Amino acid sequence: CGHTHRAFRRWVGEGARRLLVSCAGSTTKRPKTLGAAATYERYSIEGGRLAGIETRGWDPAANRFVPVGREEIDTRQ
């Protein structure tokens, strides 16, 4: 993700060499809308595999990070 400061997810490779590249984006930029910036990710691992990604974002009204999304990941595709 370098210095793009934009969240993204891309699958690269195929079969047993398939890999998810996930960038949470900027964790320091103040968000205009919840989840648009100041985010980070929590990863769920089950059976040694990535099972889910929870995105958390800064909520200025609550003055804390809150859940803004969750994605279940099937790495067997």
Side-chain angles (χ1 to χ4, degrees):
C1 57
H3 284 86
T4 63
H5 295 276
R6 298 189 188 276
F8 68 87
R9 291 197 184 110
R10 301 285 184 274
W11 286 98
V12 296
E14 297 177 359
R17 295 188 175 262
R18 191 166 178 247
L19 175 71
L20 175 64
V21 177
S22 182
C23 177
S26 173
T27 57
T28 57
K29 184 177 178 183
R30 188 165 182 83
K32 292 180 181 177
T33 59
L34 182 60
T39 59
Y40 70 93
E41 296 175 339
R42 287 184 176 174
Y43 303 98
S44 301
I45 309 296
E46 295 176 6
R49 293 184 176 268
L50 177 64
I53 300 173
E54 176 190 24
T55 302
R56 297 178 60 85
W58 180 255
D59 182 348
N63 198 35
R64 65 185 178 95
F65 283 91
V66 298
V68 295
R70 175 152 179 87
E71 181 178 352
E72 301 301 317
I73 306 295
D74 183 0
T75 57
R76 297 168 291 179
Q77 296 178 355

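Since we're looking at a predicted model, the values are computed, not measured.
- For the atom pair Leu50 CG and Ser44 OG, the distance stands at 8.0 Å (nearest 0.5 Å).
- A search for side chain to side chain donor-acceptor pair (under 3.5 Å) contacts involving Arg42 returns nothing, not counting sequence neighbours.
- For Glu14, there are no side chain to side chain donor-acceptor pair (under 3.5 Å) partners at least two apart in sequence or on another chain.
- Closest heavy-atom contact between Val21 and Val12: CG2-CG2, 4.1 Å.
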Return all side-chain donor-acceptor pairs below 3.5 angstrom for residues 59-69, not counting sequence neighbours, or 'none' if the list is empty.
unit_1, atom_1, unit_2, atom_2, d
Asp59, OD1, Ala61, N, 3.0
Asp59, OD1, Ala62, N, 3.4

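- Of the inter-residue distances, the one linking Arg70 atom CZ with Glu41 atom CD reads 11.5 Å to the nearest 0.5 angstrom.
- Atoms CZ and OG1, from Arg56 and Thr39 in turn, are 11.5 Å apart once rounded to the nearest 0.5 Å.
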